[in-house]
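Below is one structure, written out as structure tokens, with a few remarks after it.
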Amino acid sequence: MKILVLNSGSSSVKYRLFDAGETVAKGLIERIGEPGGDAADHSEALRRVMESVDLSGLGAVGHRVVHGGSVFGSATVVDDDVVEAVEELVPLAPLHNPAALSGIAVARKLLPDVPQVAVFDTAFHQSIPPSGVTYAVDAGLAARWQIRRYGFHGTSHAYVARQTAELLGRPVADTKVITLHLGNGASACAVAGGRSVATSMGMSPQSGLVMGTRSGDVDPTVIFHLHRVAGLPLDEIERSLTRFAGLQGLAGDNDMRTIQRRRDEGDAAATLAFDVYCRRVKEYVGMYLAVLGGADAVTFTAGVGENSPAVRAAALDGLAALGITVDPGRNARGDRVISPDGAPVAVCVVPTDEEAEIARQTEEVSSGQARR
Ligand code: ADP
């Protein structure tokens, strides 16, 4: 089946066309609505996409949608009710959901006979039990304001956990995997039998691991203190914790390659940033080993996870007593399995492919609809 995958951001549209699972075209329309940009609005951007690829025989369009709230536990064929529900979730994802909605609206208009499928970043984590998504805050406030853990990067964690089971030659249904998505954004996930049972991002992508520019976990009192004692306005605190924190905040640079180079040269700030980053990953691995009651594999993915032997080695250093070791030669070569043969816990490196997973889910959901 031919599937078009669209990832609509506020000022860009990324697209990839799959035919029978293979990529046959891809591209990026950038700086939408900006002077000199590729398109004046999303409508023009999508018309551009459709002019540049051969859509004859298109079976479905898959849309990446960031926030599915508590409503969507799986990918869904888009109808008016789905659009309305995604609109209602805009307060939870004020930058991302409106962009996806405009992509969906334009695609429905231009391709009225093709099923449109929404694939949510949060959906995979809807299987986490209540004890793993409930914050211990005033229950009335939480219910009224939809305050809970949702988790993100779900498409990537789902894909990587399945690929890991395949790599180990085991059925997904009885495999326990800790997946570590370490890119610009970063999150950890505990996956049991192909279902998410814990994840590090929360109500927003802000919590959990240290990221390129986001802090990950901090005591909420940091915010009160910066507001009351330092006198910073809330907007500025938000900017600081989301754009000027993480590696950027600690060492003035959000690129792990630069951090590593400076660390090799003996730079103290870069060394601390690297150590804080890797220690946080290790803490989550320990937590998720406990949540899962032991794991078959720990898998690294995304920019840092796929490309940094130093981060992989440091994050899992000293865990031999828990069955986790990294073989230095395999790690340096970037093998798919970097633990020694026969290790109790396999350590894997699996390239993520969110678009391929969106295409797979889109095909599954839209052909399911056709059968009905
Ligand atoms: P995004 O989350 O935007 O999709 P990626 O998954 O591509 O990002 O990850 C981007 C990050 O990967 C970069 O910021 C960079 O720090 C890191 N990275 C890429 N290559 C390497 C490398 N060889 N060594 C260490 N880090 C790397």
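All ligand and atom numbering here is 1-based and tracks the order in the structure. Nothing here was measured: the structure is a model prediction, and the numbers come from that model.
For ligand 1, the atoms sitting less than 4.0 Å from at least one non-hydrogen atom of Val304 are 12 (O), 17 (C), numbered in the order shown with element in parentheses. Every atom of ligand 1 is numbered from 1 in the order shown, and the set under 4.0 Å from a heavy atom of Gly185 is 2 (O).
The shortest N or O to N or O distance between Asn184 and ligand 1 is under 3.5 Å. In terms of polar-atom proximity, Gly303 is counted as a contact of ligand 1, with an N or O under 3.5 Å from an N or O of the ligand. For Asp255, a nitrogen or oxygen atom sits less than 3.5 Å from a nitrogen or oxygen atom of ligand 1, counting backbone and side chain alike. Residue-to-ligand polar distances keep Ala302 apart from ligand 1: every N/O pair is separated by 3.5 Å or more.
Nearest protein heavy-atom contact of atom 26 (N) of ligand 1 is Met256 CB, 3.6 Å. In terms of protein heavy atoms, atom 13 (C) of ligand 1 is closest to Arg257 NH2, 4.1 Å.
A salt bridge is absent between Arg47 and Glu51: the closest approach of a Lys/Arg side-chain nitrogen to an acidic carboxylate oxygen does not fall below 4.0 angstrom. Using a 4.0 Å cut-off between charged nitrogen and carboxylate oxygen, Asp138 and Arg144 do not count as a salt-bridge pair. With respect to the salt-bridge test (charged N to carboxylate O, under 4.0 angstrom), the residues Arg239 and Glu236 do not qualify.
Protein non-hydrogen atoms do reach within 4.0 Å of atom 5 (P) of ligand 1.
Taking the six-membered ring where tryptophan is involved, the planes of Phe120 and Phe72 are essentially parallel, since the angle between them stays under 30° and well short of 60°.
Legend: residues meeting side-chain contact (heavy atoms from CB on, under 4.5 Å) with Leu250, ordered by chain and number and at least two apart, are Ala273, Val276.
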Give every donor-acceptor pair under 3.5 Å between a side-chain atom in residues 282-289 and any protein atom, sequence neighbours left out.
| from | atom 1 | to | atom 2 | distance (Å) |
| --- | --- | --- | --- | --- |
| Lys282 | NZ | Asp317 | O | 2.7 |
| Glu283 | OE2 | Arg279 | NE | 2.8 |
| Glu283 | OE2 | Arg279 | NH2 | 3.2 |
| Tyr284 | OH | Asp217 | OD2 | 2.5 |
| Tyr288 | OH | Thr199 | N | 3.4 |
| Tyr288 | OH | Thr199 | O | 3.2 |
| Tyr288 | OH | Ser200 | N | 3.2 |

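Within 6.0 Å of the CD atom in Glu238, the count of heavy atoms belonging to other residues, nucleotides or ligands does not exceed 12.
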